[in-house]
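First the structure, in the form of C-alpha cells, and then the observations on it.
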Amino acid sequence: MESHKGHIVLLGAGPGDPELITLKGLKCLRQADVILYDALVSEELLDWNATAIKKFVGKRRGVPSKSQKEINELMLHYARCGAKVVRLKGGDPMVFGRAGAEILEAQREGIPIDVIPGISSFLGAAASQKIPLTQRGNSQSFWVVTGHTQDGKIPEDLRLAAQSSATVVVLMGMKFLKQIQKEFLAHKSLDYPVTVVQNATTRVERKLETTLEKLSSDVKAHGIDNPAVLIFGTHSFPKNKFSKSWNQWIHAE
Ligand code: SAH
C-alpha cells in the first residue's frame, strides 16, 4: 500500500434539492473514487458517479450507522490507498457538520484535505420560502444555533439568542422544541412569529407559520418532523400566484 497519495474532500451537498450542489462540488463528485455520504444528502447525487465505491455513513432513525471514529478510519484508509475520497455532507460541511474532527485527523496523518462549501439547510429553507433573514430597519443579523448540546442540554447561546432582536435560526431543534419555546417565551411576546420548514428544497418540503405561543402544539397538530429548521422573528412573503416558479423556468427548455 502506498502512503499519502490520496486526497480527501469534505463536500457540501446542499440543502436537499440535488441541483443545489455547486458546480465545483459536482465536478469533484464525478471524479471521486470513494464517496462516504450522510443521511441528509440527496441520493440522486450519487447517480452522477457510476464507478465510485459508495458507502452510507450517516444516521438512520436517529441511530448512527458508524461512529465518528469509524468514519475517520474509513476515510483515512481509502486515502492512504491513493483514492480520491469525497465525504459528502448535507448542507455545508462547516455548519454542524463535524468537519473539525475530520480535518484534524487528515492533517495528523499528513493527508491533503480540502473543503468545498454547500448551501446550508437554513439558507435553502429561507430562500425556498422567501423568508428574508435580514431586513433593513428590522433585523440586522441572524444567529444560527443548535437546539441541543452534545450532552442533551439547551445551549447557552440559544438562551442569549432568545434575548436578541436578531432573526434566530435553530437547527436540530425538534427534539427539545418545548424547552426552546420556553426560552423564547421568557423574552418575547406570545404572537412572536415562528416559521418551521421541514425537508427544505425537496419535493416533500412543508412549511408551518405559527406564533411563539402555539409553536409546539401546531407542530404536533400538523405532524411536522425532522429534518426541520425553526426560524424565529420573521415570516415569509406570500407566494406570488402569477409568477412562474424558477424550477419550471429552468426545466422548460
Ligand atoms: N451541515 C448541515 C446541518 C447538519 S445538522 C447544514 O449545513 O444544513 C442537521 C440539521 O440540519 C437537521 O436536524 C435540521 O435542523 C437541518 N436540516 C438539514 N437538512 C434539512 C432540510 N432539508 N430541511 C430542513 N432542515 C434541514
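Only heavy atoms go into these numbers, but all of them, side chains included; no hydrogens, no water, no symmetry mates. On a predicted model such as this, the values are computed, not experimentally measured, just so you know.
By the 6.0 Å contact criterion, CH2 on Trp48 is open, its count of non-hydrogen atoms from other residues, nucleotides or ligands being 12 or less. No more than 12 heavy-atom neighbours from other residues, nucleotides or ligands sit within 6.0 angstrom of CE on Met94.
Using a 4.5 Å heavy-atom threshold, the side chains of Leu123 and Leu133 count as touching. In this structure the side chain of Asp92 never reaches within 4.5 angstrom of the side chain of Val115, judged on heavy atoms. Between Glu205 and Ser128 the shortest side-chain heavy-atom distance falls below 4.5 Å. Here the side chains of Val57 and Glu70 are not in contact, with every heavy-atom distance at 4.5 Å or above. The shortest distance between side-chain heavy atoms of Met174 and Ile224 falls below 4.5 Å. With a 4.5 Å cut-off on side-chain heavy atoms, Val144 and Phe96 count as touching. Under the 4.5 Å side-chain criterion, counting only non-hydrogen atoms from C-beta, Thr146 is not in contact with Leu171. Using a 4.5 Å heavy-atom cutoff, the side chains of Asn49 and Val86 are not in contact.
Residues Phe142 and Val197 share a single hydrophobic cluster, defined by chaining ILVMFWY side chains whose heavy atoms lie under 4.5 Å apart. Hydrophobic clustering, with ILVMFWY side chains joined whenever heavy atoms are under 4.5 angstrom apart, groups Ile116 together with Tyr37. Leu36 and Leu104 end up in different hydrophobic clusters when Ile, Leu, Val, Met, Phe, Trp and Tyr side chains are linked at under 4.5 Å. The hydrophobic clustering, which links ILVMFWY residues whose side-chain heavy atoms are closer than 4.5 Å, places Leu190 and Val194 together. Leu40 is not connected to Met172 by any chain of hydrophobic side-chain contacts under 4.5 Å among Ile, Leu, Val, Met, Phe, Trp and Tyr, and they are in different clusters.
For Glu209, the side-chain contact (heavy atoms from CB on, under 4.5 Å) criterion is met by Thr195, Lys207, His235, Ser236, not counting sequence neighbours. Considering only residues two or more places apart in sequence or on other chains, Thr149 meets the side-chain hydrogen bond (donor to acceptor under 3.5 Å, both in side chains) condition with Asp151. By the salt bridge (Lys or Arg N to Asp or Glu O under 4.0 Å) test, Arg159 pairs with Glu156, Glu183, sequence neighbours left out. By the side-chain contact (heavy atoms from CB on, under 4.5 Å) test, Val63 is found to be paired with no residue, residues two or more places apart in sequence or in another chain being considered. For the side-chain contact (heavy atoms from CB on, under 4.5 Å) test, residues two or more places apart in sequence or in another chain that qualify with Ile53 are Val34, Lys55, Tyr78. Scanning for ring-ring contact (aromatic ring centres under 6.0 Å, His included) contacts around His7 gives an empty result, with sequence neighbours left out.
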Can you list the steps and then say if Val9 with Lys84 is a side chain to side chain contact (heavy atoms under 4.5 Å, CB included)?
CA-CA 8 Å; Val9 176; Lys84 289 186 211 119; over 6 Å; no

Stepwise side chain to side chain contact (heavy atoms under 4.5 Å, CB included) test for Gln107 and Ile113:
CA-CA 7 Å; Gln107 289 186 338; Ile113 182 161; 4.2 Å; yes

Test Val196 against Leu215 for side chain to side chain contact (heavy atoms under 4.5 Å, CB included), laying out the working first.
CA-CA 9 Å; Val196 187; Leu215 174 60; 3.8 Å; yes

Checking side chain to side chain contact (heavy atoms under 4.5 Å, CB included) for the pair Gln68/Glu102: CA distance, chi angles, key distance, verdict?
CA-CA 9 Å; Gln68 187 62 48; Glu102 294 174 11; 2.8 Å; yes

Would Arg203 and Glu44 satisfy salt bridge (Lys or Arg N to Asp or Glu O under 4.0 Å), going step by step from the backbone distance to the final call?
CA-CA 13 Å; Arg203 289 185 195 96; Glu44 280 176 52; 3.3 Å; yes

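No donor-acceptor pair under 3.5 Å is formed between the side chain of Gln198 and the backbone N or O of Arg206. Judged by distance alone, with hydrogens and angles left aside, the side-chain atoms of Ser121 form no donor-acceptor pair with the main-chain N or O of Pro15 at under 3.5 Å. Ser216 contributes no side-chain N or O that, together with a main-chain N or O of Leu177, makes up a donor-acceptor pair within less than 3.5 Å.
Atom-to-atom distance recorded for Ile154:CD1 and Ile180:CD1 is 5.0 Å, nearest 0.5 angstrom. With values rounded to the nearest 0.5 angstrom, Gln31 atom CD is found 10.0 Å from Leu26 atom CG. In this structure, Leu212 CG and His187 NE2 are separated by 11.0 Å, a value rounded to the nearest 0.5 Å. Rounding to the nearest 0.5 angstrom, the gap separating the NZ atom in Lys66 from the CD1 atom in Ile71 is 8.0 Å. Taking NE2 of His148 as the reference point, atom CG of Leu158 lies at 11.0 Å (rounded to 0.5 Å). Note that NZ of Lys54 is 5.5 Å distant from CD1 of Ile35, once rounded to the nearest 0.5 Å.
A salt bridge does not link Lys59 with Asp38: none of the charged nitrogens is closer than 4.0 Å to a carboxylate oxygen.
Considering all non-hydrogen atoms of both residues, Ile111 and Ala79 come closest at CG2-CB, 3.8 Å. Taking both residues in full, the closest heavy atoms of Gly25 and Ile21 are given as C-CD1, 4.0 Å, listed atom of the first, atom of the second, then distance. Closest of all the heavy-atom pairs between Pro93 and Leu11 is CG-C, 3.9 Å. Residues Val41 and Gly90 approach most closely at CG2-N, 3.6 Å, considering heavy atoms. In terms of heavy-atom proximity, Gly58 sits nearest to Ser65 at O-OG, 2.7 Å. Pairing each heavy atom of Ala13 with each of Leu88, the nearest pair is CB-CD1, 3.7 Å.
Defined by atom type and a distance below 3.5 Å, a donor-acceptor pair is present between the side-chain atoms of Ser139 and Thr167.
The distance between the ring centers of Tyr192 and Phe184 does not fall below 6.0 angstrom.
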